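Have a look at the structure below, then the notes.
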Amino acid sequence: MDKKTIAIAAILGATGIILGAFGAHGLKKLIEPDSIAVFETGVKYQMYHALFLLFIGLITRISDKAKKAILILTVLGVFFFSGSIYFLACNSLFAFDFKTIGFITPVGGLLLISAWVVLFLQIMKQKE
């Protein structure tokens with residue numbers, strides 16, 4: 001479980017860097033500055049959660065069951081939250097109006113919060 005979690009953290013981190021560079025350089029002439037800022041928000045949250053998963057993969061104080069739940073919640077959360085933000089920021093580049101599926105952004109946020117809550121609950125039930 002730890003190897004898988006750390007590997008996924010590395011993938012999220014690497015793709016976060018790639019998307020950040022793409023947003024800073026490749027999108028500059030294609031979308032408005034406000035949309036670039038929105039895109040960067042998606043990158044930030046993806047990177048935060050790549051680091052979060054790296055930490056989860058390295059910590060030994062929580063169960064494998066909790067680690068698996070955190071991994072699933074975080075990956076789905078990043079996919080829905082950051083993924084939808086990327087598409088919403090680049091909405092003007094596509095024929096499809098991604099605003100119609102913008103409701104999945106808060107769902108992704110809720111999944112990310114849930115992953116942190118699972119960590120909190122696991123730590124709180126530990127004995128000193």
Side-chain angles (χ1 to χ4, degrees):
M1 173 88 319
D2 292 338
K3 182 178 177 181
K4 182 179 187 178
T5 302
I6 293 169
I8 291 172
I11 291 167
L12 285 177
T15 56
I17 292 168
I18 291 165
L19 288 166
F22 176 67
H25 303 291
L27 289 177
K28 243 182 202 176
K29 296 178 183 177
L30 300 175
I31 61 176
E32 297 296 318
D34 288 350
S35 294
I36 297 230
V38 170
F39 192 91
E40 288 172 354
T41 298
V43 172
K44 280 188 234 176
Y45 276 82
Q46 181 173 334
M47 290 302 294
Y48 296 153
H49 287 88
L51 294 172
F52 176 59
L53 285 180
L54 181 61
F55 169 75
I56 295 301
L58 296 173
I59 194 172
T60 59
R61 294 191 65 153
I62 60 175
S63 69
D64 282 344
K65 182 179 177 182
K67 286 183 179 188
K68 184 176 182 179
I70 290 169
L71 176 64
I72 292 167
L73 289 167
T74 303
V75 169
L76 288 174
V78 167
F79 181 76
F80 288 142
F81 184 82
S82 292
S84 65
I85 286 178
Y86 298 144
F87 285 112
L88 287 167
C90 298
N91 198 41
S92 63
L93 303 176
F94 298 101
F96 181 79
D97 185 6
F98 286 98
K99 291 177 185 173
T100 60
I101 60 165
F103 66 90
I104 67 170
T105 306
V107 171
L110 184 60
L111 292 168
L112 293 172
I113 292 166
S114 298
W116 285 92
V117 169
V118 171
L119 173 62
F120 173 77
L121 294 173
Q122 284 292 299
I123 295 301
M124 293 308 294
K125 77 181 202 180
Q126 296 287 323
K127 297 193 192 277
E128 295 280 334

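Because the structure is predicted, anything quoted here is derived from the model rather than measured.
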For [X] against [Y], the heavy-atom pair lying closest together:
X    : Y   : value
F96  : N91 : O-OD1, 3.4 Å
Q126 : R61 : NE2-O, 2.5 Å
A50  : A9  : O-CB, 3.3 Å
G42  : S82 : O-OG, 2.8 Å

Can you measure from [atom1] ([X]) to [atom2] ([Y]) and round to the nearest 0.5 angstrom?
X    : Y    : atom1 : atom2 : answer
F39  : L27  : CZ    : CG    : 5.5 Å
L53  : K67  : CG    : NZ    : 11.5 Å
D64  : L71  : CG    : CG    : 11.5 Å
L93  : F98  : CG    : CZ    : 10.0 Å
I104 : L110 : CD1   : CG    : 13.5 Å
Q46  : I11  : CD    : CD1   : 11.0 Å

* Would you sort out whether D2 and L58 count as a side chain to side chain contact (heavy atoms under 4.5 Å, CB included), showing the intermediate values? => CA-CA 7 Å; D2 292 338; L58 296 173; over 6 Å; no

With clusters defined by side-chain heavy atoms of hydrophobic residues (ILVMFWY) lying less than 4.5 Å apart, directly or transitively, does [Y] cluster with [X]?
X    : Y    : value
V38  : F103 : yes
L19  : I17  : yes
L88  : F22  : yes
F87  : I18  : no
L121 : I62  : no

* Using atom types as modelled and distance alone, determine if a side-chain donor or acceptor of T15 lies under 3.5 Å from a backbone N or O of L12. => yes

* Carefully, step by step, assess F55 and F52 under the rule ring pair (Phe, Tyr, Trp, His ring centres under 6.0 Å). => CA-CA 5 Å; F55 169 75; F52 176 59; 7.1 Å; no

Heavy-atom check, side chain of [X] versus side chain of [Y], under 4.5 Å:
X    : Y    : value
E40  : I36  : yes
I101 : S84  : no
T74  : W116 : no

* Let me know which of L73, I70, L119 forms a side chain to side chain contact (heavy atoms under 4.5 Å, CB included) with S114. => L73

* Would you call the rings of Y45 and H49 parallel, tilted or perpendicular if under 30° counts as parallel and over 60° as perpendicular? -> parallel

